Amino acid sequence: MIDLHLVRNEPEAVRANLARRKRPEVLELFEQLRIADARQRQLGMEVDQLRAFRNTLAAAIPRVKSGQALGETTIPAGVREALRSTSPELAAWEQLPPDVSHLKALAAAVGPATATAEAARDAVAAQVAALHPRVPNLLDASVPYGGSDADNVVVRTWGTPDPPRAWARGHAELAEAGGLADFERAARASGAGFNYLLGDLVLLDLALQRYALEFLSSRGYTPVSTPMLLRRGPYEGVTDLSDFETVMYRIADDDLYLIATSEHPIAARFMGEILDDSTLPMRLAGLSSCFRREIGGHGVDQKGLFRMHQFNKVEQFIFCRPEESWALHEELLANTEGLYQGLQIPYRVVNVCTGDIGTVAAKKYDVEAWFAKQQAFREVASCSNCTDYQARRLKIRAGKQGGSKVIAHTLNNTAIATSRAMVAILEQYQRQDGTVAVPSVLQPYMGSRSLLGAPLPP
RNA sequence: GCGGAGGUAGCCAAGCCUGGUAUGGCGCAGGAUUGCUAAUCCUGUGGGUUCUCCCGCCGGGGUUCGAAUCCCCGCCUCCGCGCCA
């Protein structure tokens, strides 16, 4: 969620920022939020005034009871107005003798008036609560202006894509022919989008996880193996509501949700807490399976490992103080680049434009690896600085214990989603005989083997 | 699944039976003093705000002039037993 103080104090700047997303409905949301917020504060004042008066009376009663003088007590104008309709006789309270029974009668009359005012305020507060989370994060100035992914800006390209090889097989065909995966029976058992990995491909999956974890560990990231089911409450803090409809699997009987990425349980871990400055920046390497109902366009990549309902991923995540998040955003990106450089797979980095970026990120880089058979760059990692947007909803703050606090910043980036990395490796490293060379950085995790699979008939 | 104990500010606790407006310690911040970063003392410490105010004691209702306190409903955690890789 964005900072409501900015909505109040710098509406022009917020509006201009949101306008860059090229989505009229976002500006409409913002205006509705601004109006509702102002109205809520107005109504809140009225409630406060009524409650203040009630508190004054409640404090006066025991004093009068014990024989002390009541002292000067006047009905505030707003309270008198609120009482005029419900208890007209009490609106002229000063003419009544200041004894306990009259004090009680007056206080009792304030109750319903307060309830009316509260109901009005709560109705508006509910509007604010509904609108606020839907307003997207403010974008960094360096996000390129554009309407769709066509306007994303390539920041740099690493490596040299190989020319097409006529004999090369698609990764799904290669894996099936080599006995490394069983898509057909997985579809029968669990549905399309699931797979059985077999033999060397299982080892490759694990090797990629180990490679990413070791790589990140050596750079100061702590591995985290997370819960793969989350409760609804925490989940609402880490993602937007539309995801519940389209992306996430729900365990209905227990009101639990299968995580879509370890980013979610990691972010939820410190919900409501204050992170001590001495622990920041907190660099984490999440490891989990990921579950997603929505797997993209119909007829696209239906078979194979590229888009699946379940896959494994090592994820980078950082909690930090606001002033350090932009440097760390670049660090996260550099890590993913280092991982793919180690695998010797060409890639490019894309700065995702204002119209294509999601609601949570203030800036996002995508890393797109080269898929040799497809002869295309395709997304394998997504590197976001969420600034304080995610942490505000989760109420995660940073500071010294007992000292001053600020809303923390959160960042995340894929390290390696093994499914897509395996596709890239199968396409890039396959040989004409159907075997696949093992990238040298993975060999330590594959029993020093340099080849996987077995020769196939031509 | 059954039984028990709990949830109070950054942390730890008190207050609850007997309703009267959040008490102490630690930590942290600022100040005083002493030729030091020790000791001592003072002040402050959550959220909001239009700032002699409002809210805040797990959440939501209720009773009451007034609820951390009494009543009801929920959520969560811990301990024991059962089951279990």
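Quick note on labels: first sequence line is chain A, next is B, and so on, each numbered from 1. As the structure is a prediction and not an experimental result, all values here were calculated from the model.
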Worksheet item: Can you tell me how far P of B:C75 sits from CG of A:Asp254, to the nearest Å?
Response: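 These atoms are roughly 13 Å apart.
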Worksheet entry | A:Lys395 NZ - B:G48 C1' separation (whole Å) | 13 Å
Fill in: Partner set under ring-ring contact (aromatic ring centres under 6.0 Å, His included) for A:Tyr196, not counting sequence neighbours
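If we apply the ring-ring contact (aromatic ring centres under 6.0 Å, His included) test to A:Tyr196, skipping adjacent residues, there are no hits.
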Discussion item. Tell me every residue that passes ring-ring contact (aromatic ring centres under 6.0 Å, His included) with A:Tyr221, counting only those two or more places apart in sequence or in another chain.
Written reply: none
Could you measure between the two [atom1] atoms, the one in [N] and the one in [M], and give it in whole Å?
| N | M | atom1 | value |
| --- | --- | --- | --- |
| B:A22 | B:U69 | P | 14 Å |
| B:A14 | B:C26 | C1' | 15 Å |
| B:G56 | B:C41 | P | 35 Å |
| B:C65 | B:C76 | C1' | 34 Å |
| B:A9 | B:G47 | C1' | 11 Å |
| B:G4 | B:C12 | C1' | 24 Å |
| B:C71 | B:U63 | P | 16 Å |
| B:G10 | B:G46 | P | 7 Å |

Worksheet item: Is A:Glu184 paired with A:Arg188 through a side-chain N to carboxylate O contact shorter than 4.0 Å?
Response: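 Looking at A:Glu184 together with A:Arg188, the answer is no, because their closest N to O distance does not fall below 4.0 Å.
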Discussion item. Could you check whether A:Asp255 pairs with A:Arg231 (Lys NZ or Arg NE/NH1/NH2 to Asp/Glu carboxylate O, under 4.0 Å)?
Written reply: no
Worksheet entry | Under 3.5 Å on both distances, the Watson-Crick or G-U partner of B:U45 |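 When the pairing criteria are applied, B:G27 turns out to be the nucleotide that pairs with B:U45.
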Practice prompt. Can you sort out the partners of A:Pro223 under side-chain contact (heavy atoms from CB on, under 4.5 Å), two or more places apart, ordered by chain and number?
Written response: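 Testing A:Pro223 for side-chain contact (heavy atoms from CB on, under 4.5 Å), a comparison that skips the adjacent residues, returns A:Leu213, A:Ser217.
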Worksheet entry | Residues in side-chain contact (heavy atoms from CB on, under 4.5 Å) contact with A:Leu27, at least two apart in sequence or another chain |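 Per chain and number, A:Leu27 pairs via side-chain contact (heavy atoms from CB on, under 4.5 Å) with A:Arg15, A:Leu18, A:Ala19.
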What residues form a salt bridge (charged side-chain N to carboxylate O under 4.0 Å, His left out) with [X], not counting sequence neighbours?
| X | answer |
| --- | --- |
| A:Arg321 | A:Asp277, A:Glu323 |
| A:Arg283 | A:Glu331 |
| A:Arg23 | A:Glu25 |
| A:Glu46 | none |

Discussion item. Heavy-atom count check: over 12 atoms from other residues, nucleotides or ligands less than 6.0 Å from A:Arg185 CZ?
Written reply: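 No, not enclosed.
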Identify all pairs in which a protein N or O lies below 3.5 Å from an N or O of nucleotides 17-20 of chain B, and state each distance.
{"residue": "B:G20", "atom": "O6", "partner": "A:Lys65", "partner atom": "NZ", "Å": "3.3"}
{"residue": "B:G20", "atom": "N2", "partner": "A:Ala58", "partner atom": "O", "Å": "2.6"}

Identify each donor-acceptor pair in which a side-chain atom of residues 113-131 of chain A lies under 3.5 Å from a protein atom, sequence neighbours left out, and give them as a table.
{"residue": "A:Thr114", "atom": "OG1", "partner": "A:Val110", "partner atom": "O", "Å": "2.7"}
{"residue": "A:Thr116", "atom": "OG1", "partner": "A:Pro112", "partner atom": "O", "Å": "3.0"}
{"residue": "A:Glu118", "atom": "OE2", "partner": "A:Arg51", "partner atom": "NH1", "Å": "2.4"}

Give me, pair by pair, the N or O atoms of the protein and of nucleotides 82-85 of chain B that are less than 3.5 Å apart, along with how far apart they are.
none

Discussion item. Categorize A:Arg231 for me: base, sugar-phosphate, or nothing, with a 4.0 angstrom heavy-atom threshold over every strand shown.
Written reply: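 Sugar-phosphate: the residue A:Arg231, judged by heavy atoms under 4.0 Å, touches backbone atoms but no base.
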Worksheet item: When all nucleic acid strands are considered with a 4.0 Å heavy-atom cut-off, which category describes A:Arg8: base, sugar-phosphate, or nothing?
Response: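 Since only primed, P, OP1 and OP2 atoms lie under 4.0 Å of A:Arg8, the category is sugar-phosphate.
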Response to the item:
Checking B:U49, B:C65, B:G10 against the side chain of A:His5 (C-beta onward), the nearest is B:U49
Nucleotide N/O to protein N/O under 3.5 Å, stretch nucleotides 50-57 of chain B:
{"residue": "B:C54", "atom": "OP1", "partner": "A:Asn55", "partner atom": "ND2", "Å": "3.1"}
{"residue": "B:C54", "atom": "O2'", "partner": "A:Asp48", "partner atom": "OD1", "Å": "2.7"}
{"residue": "B:C55", "atom": "OP1", "partner": "A:Arg54", "partner atom": "NH2", "Å": "3.3"}
{"residue": "B:C55", "atom": "OP2", "partner": "A:Asn55", "partner atom": "ND2", "Å": "3.2"}

